[in-house]
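First comes the structure, then the notes that go with it.
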Amino acid sequence: MEFNPDNIIYWQWDFVKINATLIYSWAVILLLCISSWLITRNLTSGPGLSRWQNLLESIVSIIQDQIREASQQEPQKYLSFIGTLFLFIVFSNIITIIPGTSAPTASLSTTAALAACVFVAVPVFGIVTRGVKGYLMQYVKPTPFMLPFNIIGELSRTMALAIRLFGNIMSGTLVVAILLSLAPLFFPVIMQVLGLLIGFIQAYVFAILALVYIASATRVHGENNNQDTTGSFKQSI
Amino acid sequence: MDSISIIGMVSIIVSGFTIAIGSMGPAFGEARALAQALSAIAQQPDESGTLTRTLFVGLAMVESTAIYCFVVALILIFANPFWDFVIKQVGG
């Protein structure tokens with residue numbers, strides 16, 4: 001049984017391999033890039049909006065609203081990074097409903113790469129907003145004694161991001177594969193519908209968690225004095 | 001009993017226990033979180049958007065411990081390093 005798309009190899013020359021993960025990651029990237037290029041080619045602001053422009057505008061404004069609510073900051077700074085992560089993971093997760101394809105996020109290499117992007121983005125956003133000293137000071141924030149725990153927490157939450165996405169998507173694929181050998185007629189369809197839901201929620205969770213990590217690195221203490229409902233949630237993570 | 005069958009037997013039994021015990025704790029935790037969120041939504045229906053979002057993120061984080069157990073069980077069954085080692089020892 002093949003549940004790792006890294007092992008489905010289409011073409012190989014010595015140690016250079018083209019496997020299913022690469023193929024479908026690039027398919028998702030090209031799909032996103034070409035469709036958004038086609039849609040944004042002729043934008044209008046008049047009354048005659050095209051259907052696709054409406055779709056794209058509503059997606060962008062939904063992502064902006066979610067970022068504004070979850071981070072209590074202006075969304076423009078985070079929109080490109082978080083929105084790209086969300087859209088890429090959503091399309092990677094739900095590409096499996098096309099027969100014959102396999103989700104690139106069912107491979108640990110893809111999710112580890114995405115988590116590494118978040119791992120790098122947290123200090124980048126933090127240093128840009130608060131400066132090197134202000135960012136590094138938060139590692140010794142309660143006491144300098146907490147320094148190793150903060151570093152370990154940073155590493156372990158990156159690993160948790162990668163393994164959470166990988167485990168969820170891979171288990172969905174595996175459950176469908178096992179059910180196909182037990183009850184091939186109708187029941188795998190139900191599990192695939194569940195897989196669509198799981199894929200969407202996991203993409204949302206990945207993007208929100210990345211946003212929460214970045215926002216907690218960029219937040220200056222004492223800035224948000226207004227009563228925010230997500231503030232206590234952010235501190236508990 | 002030779003070492004191959006011992007390793008196979010222990011891997012299967014332990015992976016069953018891994019998924020059984022490892023899914024119990026997150027199930028209790030998720031049930032508690034869901035019950036609390038439901039009563040909170042019943043008390044404050046206006047805040048249901050924030051509550052639902054926080055609930056989903058929290059459930060996914062709670063669930064990740066069960067996912068770790070699942071990954072460990074899969075490694076024990078499909079990609080067991082000790083199994084491969086013994087096969088290589090016997091074969092080579």
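Just so we're on the same page: letters track the sequence lines, and every chain starts at 1. For clarity, every value in this text was computed on a predicted model and none was experimentally measured.
A:A160 approaches B:Y68 most closely through the heavy-atom pair CB-OH, 2.9 Å. Pairing each heavy atom of A:V205 with each of B:F56, the nearest pair is CG2-O, 4.1 Å.
How far CD1 of A:I201 is from CD of B:E63: 9.0 Å, rounded to the nearest 0.5 Å.
Side chains of B:L74 and A:L174 form a contact here, defined as non-hydrogen atoms less than 4.5 Å apart.
Within a 6.0 Å sphere centred on OH of A:Y139, other residues, nucleotides and ligands contribute more than 12 heavy atoms. Sparse packing is recorded around CZ of A:F91, with 12 or fewer heavy atoms of other residues, nucleotides or ligands lying under 6.0 Å away. The environment of A:F186 atom CZ is sparse: at most 12 non-hydrogen atoms of other residues, nucleotides or ligands sit within 6.0 angstrom. Residue A:E57 places its CD atom among more than 12 non-hydrogen atoms of other residues, nucleotides or ligands, all under 6.0 Å distant.
The parts of A:I163 that come within reach of chain B are both its backbone and its side chain, each placing non-hydrogen atoms under 4.5 angstrom from that chain.
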